[in-house]
There are 2 protein chains.
Amino acid sequence: MDEVFKALADASRRSLLDRLHARNGQSLNELCEDLAMTRQAVTKHLVILEEANLVTTIKHGREKLHYLNPTPIHQIGERWIRKFERGKLAALSELKRQLEKRDE
Amino acid sequence: MDEVFKALADASRRSLLDRLHARNGQSLNELCEDLAMTRQAVTKHLVILEEANLVTTIKHGREKLHYLNPTPIHQIGERWIRKFERGKLAALSELKRQLEKRDE
DNA sequence: ATAATAGGCAACCAAGTGGTTGCATGTCAA
DNA sequence: TTGACATGCAACCACTTGGTTGCCTATTAT
């Protein structure tokens with residue numbers, strides 16, 4: 001779980017996920033196109049995404065194809081984010097309530 | 001948006017958000033209890049959470065009270081995570097399809 | 001008034017991160 | 001078979017990060 005959060009913390013990596021979301025199964029060189037980074041930098045990002053299980057790769061000849069795995073993202077949504085969605089407005093009114101309580 | 005992802009990338013900070021989710025409006029010292037960190041380290045984490053707009057503070061006498069703001073978390077859920085939830089299973093079948101296509 | 005309490009500020013440090021360059025390896029095409 | 005292409009590996013670098021210690025300020029309680 002921590003690995004997923006850390007992997008998502010970098011804008012370049014999120015953009016790589018976006019690219020795979022737009023077109024799945026791209027090779028390393030395809031993913032490098034129009035990016036202001038060397039191929040090696042992209043490789044490092046992809047390794048981090050793989051270790052977080054966000055990307056799966058398959059070697060196909062001399063190419064390495066990258067596939068998006070949205071499951072960890074989904075899990076973060078389910079297990080973590082939903083928890084904080086409940087009582088969003090309730091929080092504000094509780095703020096007021098607690099402030100008044102402290103002044104008693 | 002980037003600040004929010006970066007703020008959430010650290011387990012200590014997520015645990016601070018959990019604590020505030022359990023009981024809102026805690027002071028700095030309360031948030032430090034039973035944590036294997038100095039007060040100053042916790043302060044630094046809280047500053048990052050404030051800058052990401054995940055936590056709001058109100059000074060109350062000599063205490064500084066911390067309140068959770070779940071809005072940015074909710075936005076990440078809405079604007080970013082939901083995007084990847086569609087077609088989770090579709091991705092697997094498309095993987096197969098594209099592999100076959102490449103072999104033609 | 002003064003001591004204790006809550007917090008702020010700044011310097012410092014080790015380890016991690018994002019990036020580079022240079023070179024090596026494996027695979028395809030002419 | 002040989003050159004071009006796709007990727008891998010390793011060393012190196014600057015900057016960031018998460019943490020510390022030491023000291024200062026402001027507020028409260030006795």
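So that the names make sense, note that chain A is the first sequence line, chain B the second, and so on, each numbered from 1.
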What I want to find out is whether B:Glu78 reaches B:Arg82 closely enough, with some N-O distance under 4.0 Å, to be called a salt bridge. yes

For A:Leu31 and D:dA6, give me the distance from atom CG to atom C1', rounded to whole Å. 13 Å

I'd like a table of atom pairs between the protein and nucleotides 26-30 of chain C - only N or O on both sides, under 3.5 Å - with the distance next to each one.
residue : atom : partner : partner atom : Å
C:dT27  : O2   : A:Arg62 : NH1          : 3.4

Can you identify which nucleotide, out of C:dG7, C:dG8, D:dT7, has its nearest atom closest to the A:Lys64 side chain? D:dT7

Quick one: A:Glu63 CD to D:dG8 P, roughly how many Å, whole number? 12 Å

How many Å lie between CG on B:Leu65 and C1' on C:dA6, as a whole number? 11 Å

So that I know where these two stand, are B:Phe84 and A:His74 an aromatic pair - ring centroids less than 6.0 Å apart? no

Taking B:Ile48 as the starting point, is it possible to reach B:Ile76 by hopping between hydrophobic residues whose side chains are less than 4.5 Å apart? no

Round to the nearest Å and state the distance from A:Glu33 atom CD to D:dT7 atom P. 11 Å

B:Leu46 CG to D:dG18 P, straight-line distance once rounded to whole Å: 13 Å

Give every pair of a protein N or O atom and an N or O atom of nucleotides 15-22 of chain C that lie under 3.5 Å apart, one pair per line with the distance.
residue : atom : partner : partner atom : Å
C:dG18  : OP1  : A:Asp10 : OD2          : 3.4
C:dG18  : OP1  : A:Arg13 : NH2          : 3.3
C:dG18  : OP2  : A:Arg13 : NH1          : 3.3
C:dG19  : OP2  : A:His45 : NE2          : 2.3
C:dG19  : N7   : A:Lys44 : NZ           : 3.0
C:dG19  : O6   : A:Lys44 : NZ           : 2.2
C:dT20  : OP2  : A:Thr38 : N            : 2.9
C:dT20  : OP2  : A:Thr38 : OG1          : 2.4
C:dG22  : O6   : A:Gln40 : NE2          : 3.2

Quick check on the hydrophobic clustering: are A:Val47 and A:Leu68 connected, directly or via other members, by side-chain heavy-atom contacts under 4.5 Å? no

Which residues share a side-chain contact (heavy atoms from CB on, under 4.5 Å) with B:Arg62, sequence neighbours left out: none

If the condition is side-chain contact (heavy atoms from CB on, under 4.5 Å), which residues does A:Gln40 pass it with, not counting sequence neighbours? A:Thr38

So what stems show up for DNA chain D if we need 3 or more Watson-Crick or G-U pairs in a row, all under 3.5 Å? C:1-30 with D:1-30

Report, one line per pair, each donor and acceptor closer than 3.5 Å where one atom sits in a side chain of residues 1-19 of chain A; sequence neighbours left out.
residue : atom : partner : partner atom : Å
A:Asp2  : OD1  : B:Arg14 : NH2          : 2.9
A:Asp2  : OD2  : A:Lys6  : NZ           : 3.2
A:Lys6  : NZ   : B:Ala9  : O            : 3.4
A:Asp10 : OD1  : A:Ser12 : N            : 2.8
A:Asp10 : OD1  : A:Ser12 : OG           : 3.4
A:Asp10 : OD1  : A:Arg13 : N            : 3.2
A:Arg13 : NE   : A:Ala7  : O            : 2.8
A:Arg13 : NH1  : A:His45 : ND1          : 3.1
A:Arg13 : NH2  : A:Lys6  : O            : 3.2
A:Arg14 : NH1  : A:Leu8  : O            : 2.7
A:Arg14 : NH2  : B:Asp2  : OD1          : 2.9
A:Asp18 : OD1  : B:Lys83 : NZ           : 2.9
A:Arg19 : NH1  : A:Leu31 : O            : 3.1
A:Arg19 : NH1  : A:Glu33 : O            : 3.2
A:Arg19 : NH2  : A:Glu33 : O            : 2.7

Could you check B:Glu50 against B:Lys64 for salt bridge (Lys or Arg N to Asp or Glu O under 4.0 Å), going step by step and ending with a plain yes or no? CA-CA 13 Å; B:Glu50 280 180 62; B:Lys64 188 176 186 184; 3.6 Å; yes

If only side-chain N and O atoms count, and only distance matters, is there a donor-acceptor pair under 3.5 Å linking B:Ser27 with B:Asn29? no

Whole-Å gap separating P (D:dA6) and NE2 (A:His66): 14 Å

If you look at every heavy atom in B:Asn24 and B:His66, which pair is closest and at what distance? OD1-O, 3.8 Å

D:dG19 C1' sits how many Å from B:Leu35 CG, rounded? 13 Å

Tell me whether A:Asn69 contacts the main-chain N or O of A:Asn53 through its side chain, where contact means a donor paired with an acceptor under 3.5 Å. yes

A:Asn29 side-chain N/O to D:dT7 phosphate OP1/OP2 under 4.0 Å: yes

